[in-house]
Amino acid sequence: MSTLLEQLKAVTTVVADTGDLESIAQFTPVDATTNPSLLLNASQQAASQELLASAIRYAKAKCTDTAGQVQLACDKFAVEVGTAISKLVPGRVSTEVDARLSFDSQATIDKARQCIALYRENGIGPERVLIKIASTWEGIQAARVLEQEGIQCNLTLLFHQAQAIACAEAGVFLISPFVGRILDWYKAATGMDYTAETDPGVLSVRDIYHYYKLHGYNTIVMGASFRNTGEVLALAGCDRLTISPALLKELEQQQGELKIHLKDDGKRQQPPTPLSEAAFRWALNEDAMATEKLAEGIRKFAADQRKLEQLVQHQLTQ
């Protein structure tokens with residue numbers, strides 16, 4: 001009998017949630033996603049040391065001031081890792097915009113364009129890249145503009161259906177609803193344990209998936225941020241799932257018959273009136289989990305981005 005990972009790959013596009021080149025080569029996913037935290041981890045790995053050094057050399061050649069060198073080196077490193085990943089996967093690589101730009105649409109647009117330009121310098125076209133942006137109102141509006149330019153986006157840190165609806169209405173290519181972080185919040189808030197079938201993160205993704213299919217949205221749903229294989233398997237059939245190497249390894253070692261939980265039943269309804277900015281912000285305000293986890297996620301990614309910048313600055317001055 002085939003492993004659960006093999007069966008899952010037959011019904012869902014499996015994406016590796018890592019910047020670890022060796023893990024990507026091992027598990028042969030279709031796509032791969034990175035973020036500031038994963039890039040910070042990658043910077044400590046032997047396989048990425050030369051990529052970081054190359055990015056620093058590039059920045060020194062292009063900029064004269066230290067601050068500009070640090071920023072460019074970090075951007076270039078993200079693209080260098082993404083370029084290396086693109087040689088290991090047949091699909092796309094997601095590269096994240098600086099989380100500190102999450103509330104500035106124009107700065108997000110500018111950073112995304114720069115990222116695509118850096119990829120082009122490496123011979124990687126925009127059809128191989130997804131720009132990751134936090135699912136704030138400003139981030140979603142930036143993605144609307146980028147999608148119209150042919151720069152496709154992956155909207156991340158998504159915890160509420162209002163975020164998912166706004167992304168679909170903006171024509172976003174893909175969203176990454178966070179399963180495990182939703183579970184974390186509910187476990188801390190209620191003191192309860194949850195099964196895969198009662199997991200609020202799993203239920204959130206299922207609701208978004210069915211809403212998209214019912215209303216005919218083309219935006220891809222990619223479940224993310226898993227805490228265990230039970231959550232992954234409970235979303236079998238989802239458009240895509242981005243999974244850490246540790247959980248990919250567990251799934252590769254598990255046998256059994258995979259149950260498919262998500263299917264498009266073909267039923268369709270007209271989409272409702274588009275969500276206004278006021279309605280979007282109110283929906284988030286009314287949901288403590290979504291408000292807290294979105295803010296926390298942005299802060300954590302920003303903190304890891306600053307750590308990477310400190311590392312780069314240290315190497316620049318050596």
Side-chain angles (χ1 to χ4, degrees), residues 19 31-36 38-39 42 51-52 54-87 89 91-158 163 166-176 218-220 222 298 301-302 304-306 308-309 312:
D31 295 344
T33 60
T34 64
N35 61 44
L38 296 175
L39 287 173
L51 298 181
L52 182 59
S54 173
I56 291 172
R57 290 194 297 271
Y58 178 92
K60 282 182 174 180
K62 295 289 185 178
C63 289
T64 56
D65 65 292
T66 302
Q69 289 175 349
V70 169
Q71 287 295 317
L72 183 55
C74 288
D75 293 338
K76 180 66 171 175
F77 176 60
V79 170
E80 289 296 320
V81 171
T83 299
I85 290 173
S86 73
K87 298 174 182 177
V89 300
R92 295 171 180 260
V93 178
S94 289
T95 299
E96 191 146 352
V97 168
D98 189 334
R100 292 167 295 186
L101 305 180
S102 295
F103 303 102
D104 188 331
S105 295
Q106 188 58 52
T108 296
I109 292 167
D110 293 342
K111 183 66 77 172
R113 289 170 177 163
Q114 179 194 24
C115 180
I116 292 297
L118 289 171
Y119 268 110
R120 284 189 188 278
E121 288 182 9
N122 284 3
I124 306 297
E127 72 281 356
R128 297 290 314 278
V129 181
L130 291 178
I131 299 296
K132 283 182 81 173
I133 302 170
S135 299
T136 58
W137 179 260
E138 294 82 1
I140 294 168
Q141 301 319 305
R144 183 191 298 274
V145 174
L146 293 168
E147 292 282 354
Q148 291 170 355
E149 295 180 0
I151 298 174
Q152 293 183 310
C153 301
N154 170 355
L155 271 288
T156 187
L157 293 175
L158 195 148
Q163 293 172 288
C167 287
E169 291 172 350
V172 166
F173 180 79
L174 179 148
I175 62 168
S176 297
N218 293 322
T219 299
I220 293 166
M222 182 173 74
I298 290 170
F301 282 162
D304 284 340
Q305 181 69 27
R306 285 191 288 269
L308 180 60
E309 289 172 356
V312 167

CG (N35) and CG (L39) are apart, to the nearest 0.5 Å, by 7.0 Å
Is there a donor-acceptor pair closer than 3.5 Å between any side-chain N or O of S54 and the backbone N or O of L51?
-> no
Heavy-atom check, side chain of P36 versus side chain of R306, under 4.5 Å = no
Identify the heavy atoms of S135 and C167 that sit nearest to each other, and give their distance.
-> OG-SG, 4.2 Å
For side-chain hydrogen bond (donor to acceptor under 3.5 Å, both in side chains), just list the numbers for D110 and Q114, CA-CA rounded to whole Å, side-chain angles, deciding distance to a tenth of an Å, and then say yes or no.
-> CA-CA 6 Å; D110 293 342; Q114 179 194 24; over 6 Å; no
Hey, does K132 have a side-chain heavy atom less than 4.5 Å from the side chain of C153?
-> no
Beyond-backbone contact of Q71 with K76, side-chain heavy atoms, under 4.5 angstrom | no
Taking all heavy atoms of L174 and all of M222, pick out the closest pair and write down the distance.
-> CD2-CE, 3.7 Å
Among D104, I151, V145, which residue meets the side-chain contact (heavy atoms from CB on, under 4.5 Å) test with I109?
-> V145
Check whether any side-chain heavy atom of F301 lies under 4.5 Å from a side-chain heavy atom of D98, and answer yes or no.
-> no
Identify the heavy atoms of C74 and Q305 that sit nearest to each other, and give their distance.
-> CB-NE2, 3.8 Å
Under 3.5 Å side-chain donor-acceptor pair for E96 and N154 | no
Any donor-acceptor pair under 3.5 Å linking the side chain of T108 with the backbone of L101?
-> yes
Can you tell if the side chain of Y58 reaches within under 4.5 Å of the side chain of L72, non-hydrogen atoms only?
-> yes
Decide, yes or no, whether a salt bridge links R100 with E309 under the criterion of side-chain N to carboxylate O below 4.0 Å.
-> yes
A55 versus F77, closest heavy-atom pair with distance = CB-N, 3.5 Å
For Y119 and T95, what are the C-alpha separation, side-chain angles and deciding distance, and is it a side-chain hydrogen bond (donor to acceptor under 3.5 Å, both in side chains)?
-> CA-CA 10 Å; Y119 268 110; T95 299; 2.6 Å; yes
Is it true that R144 and E169 have a side-chain N and a carboxylate O under 4.0 angstrom from each other?
-> no
Any side-chain heavy-atom pair from C115 and I131 closer than 4.5 angstrom?
-> yes
Kindly indicate, with the supporting measurements, whether the criterion side-chain contact (heavy atoms from CB on, under 4.5 Å) is fulfilled by I133 and L146.
-> CA-CA 11 Å; I133 302 170; L146 293 168; 3.9 Å; yes
Return the minimal non-hydrogen interatomic distance between T34 and G19, and the atom names on each side.
-> CG2-CA, 4.2 Å
Close side-chain approach of T33 and S176, heavy atoms under 4.5 Å = no
Give the C-alpha distance, both sets of side-chain angles, the deciding distance and a yes or no for side-chain contact (heavy atoms from CB on, under 4.5 Å) between S102 and E138.
-> CA-CA 7 Å; S102 295; E138 294 82 1; over 6 Å; no
What are the two closest heavy atoms between V93 and I85, and how far apart are they?
-> CG2-CG2, 3.6 Å
Is the backbone of N122 close enough, under 3.5 Å, to the side chain of T83 for a donor and an acceptor to pair up by distance?
-> no
Check the pair V312, I56 against side-chain contact (heavy atoms from CB on, under 4.5 Å), reporting the backbone distance first and the verdict last.
-> CA-CA 7 Å; V312 167; I56 291 172; 4.2 Å; yes
Would you say the side-chain atoms of E80 pair up with the backbone N or O of L52, donor to acceptor, closer than 3.5 Å?
-> no
Considering residues, nucleotides and ligands other than N218, do more than 12 of their heavy atoms fall under 6.0 Å from its CG?
-> no
Please report the C-alpha distance between I116 and E121 in whole Å, then the side-chain angles of each, then the deciding distance to 0.1 Å, and finally whether the side-chain contact (heavy atoms from CB on, under 4.5 Å) criterion is met.
-> CA-CA 9 Å; I116 292 297; E121 288 182 9; over 6 Å; no
Side-chain contact, heavy-atom cut-off 4.5 Å: R92 with Q152?
-> yes
